[in-house]
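One structure is given here, and the rest of the page talks about it.
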Amino acid sequence: MKNKVQELLSQYLILAFTLVSVVSCNEKKKEITEEPQTPAKPNVLVLLTDQWRAQATGYAGDPNVDTPHLDSLAAISVNFKNAVSGMPVCSPFRASLLTGQRPLTHGVFMNDVQLDTNAVTIAKVFNKEGYDTGYIGKWHLDGHGRLQNVAPGQRRQGFQFWKGNECTHDYNESVYYDNDDPKRKIWDGYDTFEQTDAAIDYIKERKSAENPFMMILSYGTPHAPYHTAPLEYRNRFDPAKIQLRRNVPDSLKERAKKDLAGYYAHIAALDDMIGKVIKNLKDSGQFDNTIIVFTADHGDLLGSHGAYKKQQPYEESARVPMLYYIPEKLKIASGERDALMNSEDIMPTLLSLCDISIPNTVEGLDYRPYMEGKEEIGHATLLTCVQPFGQWNRVKHGGREYRAIKTKQYTYARDMNGPWLLFDNINDPYQLFNLVGNEGYTTLQDELEKQLSQRLKETGDEFLPGMEYIKKLGYPVDETGTVPYTN
């Protein structure tokens, strides 16, 4: 009888333990499910810089500057080493980034004009998919005065969070506007630092949010003025030690060395800030679920070809850095790619990477299948100047309308008078030898002319004089063909 009681007691204890274990496990499961979940869709962070040419990074081989944080990012990213700004100047690039369209379609082919507030933009599309959207820094798509508020609503093109300015190149104590507050505010110190901290605050606040985020952090540097970075960074670069590109003429060498020293100072500061953003993404556990794009709106000639700034089809003006860090779960291998990604391709590619349908208003290419090794695209792309203006206007600087086709090896450009430039960018990387009219390259020139003509036909580009397009859209221009702006 005693053994019987002990056996029953033992069975009871086992049953009780099992029930406790089941309840405990269920409570643990409940606790786990109640913890904040990583958003199913990835976050998107676009690090946009102003006038940073593709050649000016450590990973691209520039001997003058170290960019350790960008080099580390490049090592784990898809690097589109031949990426271009299709119209290498501020506002046209930004409008293409936001709409996925070419400049003659979205209409912003000059600076200081307004992007149509009814445009289908990247922010509006991400909003519909449940993303939180934010914009920090330089905008340059509003046309209501460079220091004026881009008022909340349609003029912000769908961005919900806002700490931005229309356009300023005073990087110390510069103007910005904070969300719905119409009062002008001033960044405390070097705005590259302050904008970075604002972005980090935004990212930290999103950590516990149910929605993923899409944010553009738009820096004003390393655009001129070149000598306004903090002294700590300017002291790193001695103009006498700057190694110039081989296409800088003797007449500009001293000026270029001085300006490049300041340019690289801005770049070194930006590299530190990009490192800071990435560290905070990692510290907050969001790095592994965030797509990061690093790029620029255009480059800077900085003395190459005897010129400064942008708009022209030369490598230093048109080629831009283009890194895509893509989370491991998307199973896309990092490394260099040679396709010629263009400005209008960024929006559709990001939407595709986030499994979001691409609107039929978009003209750019979706590069996700290419990155996955499923298709070959990007063998050639277009470079365009609809109307030369400002720093490359026709009256003072000999600017000209042009259309160009860029392949993996060649750049061929035509102006209103006919063939203008032909360069073999592999055998002549500094574009020192214009092959237009060269007897040995007649067949090649004819073939590139056919390709260019076909591309223009496909895109509906009639290649009219710039003033024809200006009249169609009613843009006011001064005697140099430039849209005047006010502060």
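Worth knowing before you read on, the calculation uses all heavy atoms, side chains too, and leaves out hydrogens, waters and symmetry mates.
Counting heavy atoms from C-beta on, the side chains of Leu323 and Val293 never come closer than 4.5 Å.
At least one donor-acceptor pair under 3.5 Å links the side chain of Asn342 to the backbone N or O of Leu382. Gln51 contributes no side-chain N or O that, together with a main-chain N or O of Asp300, makes up a donor-acceptor pair within less than 3.5 Å. Although no hydrogens or angles enter the test, the distance criterion places a donor-acceptor pair under 3.5 Å between the side chain of Gln160 and the main chain of Thr133. At least one donor-acceptor pair under 3.5 Å links the side chain of Arg337 to the backbone N or O of Gly335. For the pair Tyr469 (side chain) and Phe463 (backbone), a donor-acceptor distance under 3.5 Å is present. The main-chain N or O of Cys385 is found under 3.5 Å from a side-chain atom of Arg403 such that the two form a donor-acceptor pair. Of the possible polar contacts, one joining the Asp271 side chain to the His69 backbone as a donor-acceptor pair under 3.5 Å is found. Using modelled atom types, one side-chain atom of Thr349 and one backbone atom of Tyr367 make a donor-acceptor pair closer than 3.5 Å. No donor-acceptor distance shorter than 3.5 angstrom exists from the side chain of Arg400 to the backbone of Pro388, with no hydrogens or angles considered. In this structure, Thr295 contributes its side chain and Leu48 its backbone to no donor-acceptor pair below 3.5 Å.
When all heavy atoms are compared, the tightest approach of Ala123 to Gln157 is CB-O, 3.6 Å. Nearest heavy atoms, Ser343 versus Ser85: OG-CA, 3.4 Å.
The aromatic rings of Tyr202 and Phe161 sit tilted, their planes meeting at an angle between 30° and 60°. Using a 30° and 60° split on the angle between ring planes, His266 and Tyr190 fall in the parallel class, below 30°. In this structure, Trp139 and Phe159 have perpendicular ring planes: the angle between them is above 60°, well past the 30° mark.
Donor-acceptor pairing under 3.5 Å is recorded for the side chains of Arg184 and Tyr177. A donor and an acceptor atom, one from each side chain of Gln101 and His106, are nowhere located under 3.5 Å apart. Inspection of the Gln445 and Glu449 side chains reveals no N or O donor paired with an N or O acceptor under 3.5 Å. Judged by distance alone, the side chains of Ser218 and Arg94 do bring a donor and an acceptor atom under 3.5 Å apart. Donor-acceptor pairing under 3.5 Å is lacking for the side chains of Tyr325 and Thr290. Counting only N and O atoms by type, the side chains of Lys163 and Gln195 include no donor and acceptor under 3.5 Å apart. Of the N and O atoms on the side chains of Tyr370 and Asp345, not one donor lies less than 3.5 Å from an acceptor on the other residue. Of the N and O atoms on the side chains of Tyr264 and Asn64, at least one donor lies less than 3.5 Å from an acceptor on the other residue. Between Asp170 and Ser174, the side chains place no donor N or O within less than 3.5 Å of an acceptor N or O (distance only, hydrogens not considered). Using modelled atom types, one finds no donor on one side chain facing an acceptor on the other under 3.5 Å when comparing Asn165 with His140. Judged by distance alone, the side chains of Asp424 and Tyr441 never bring a donor and an acceptor atom under 3.5 Å apart. Counted by atom type alone, Asp191 and Tyr176 present zero donor-acceptor pairs between their side chains at under 3.5 Å. Tyr314 and Asn247 share no side-chain donor-acceptor pair at under 3.5 Å.
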Tell me, with the steps shown, if Phe237 and Val65 meet side-chain contact (heavy atoms from CB on, under 4.5 Å). CA-CA 9 Å; Phe237 300 93; Val65 66; 4.0 Å; yes
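More than 12 heavy atoms of other residues, nucleotides or ligands shown are found within 6.0 angstrom of CD on Glu458. For Lys408, the NZ atom is densely surrounded, since the number of other residues' heavy atoms within 6.0 Å is greater than 12.
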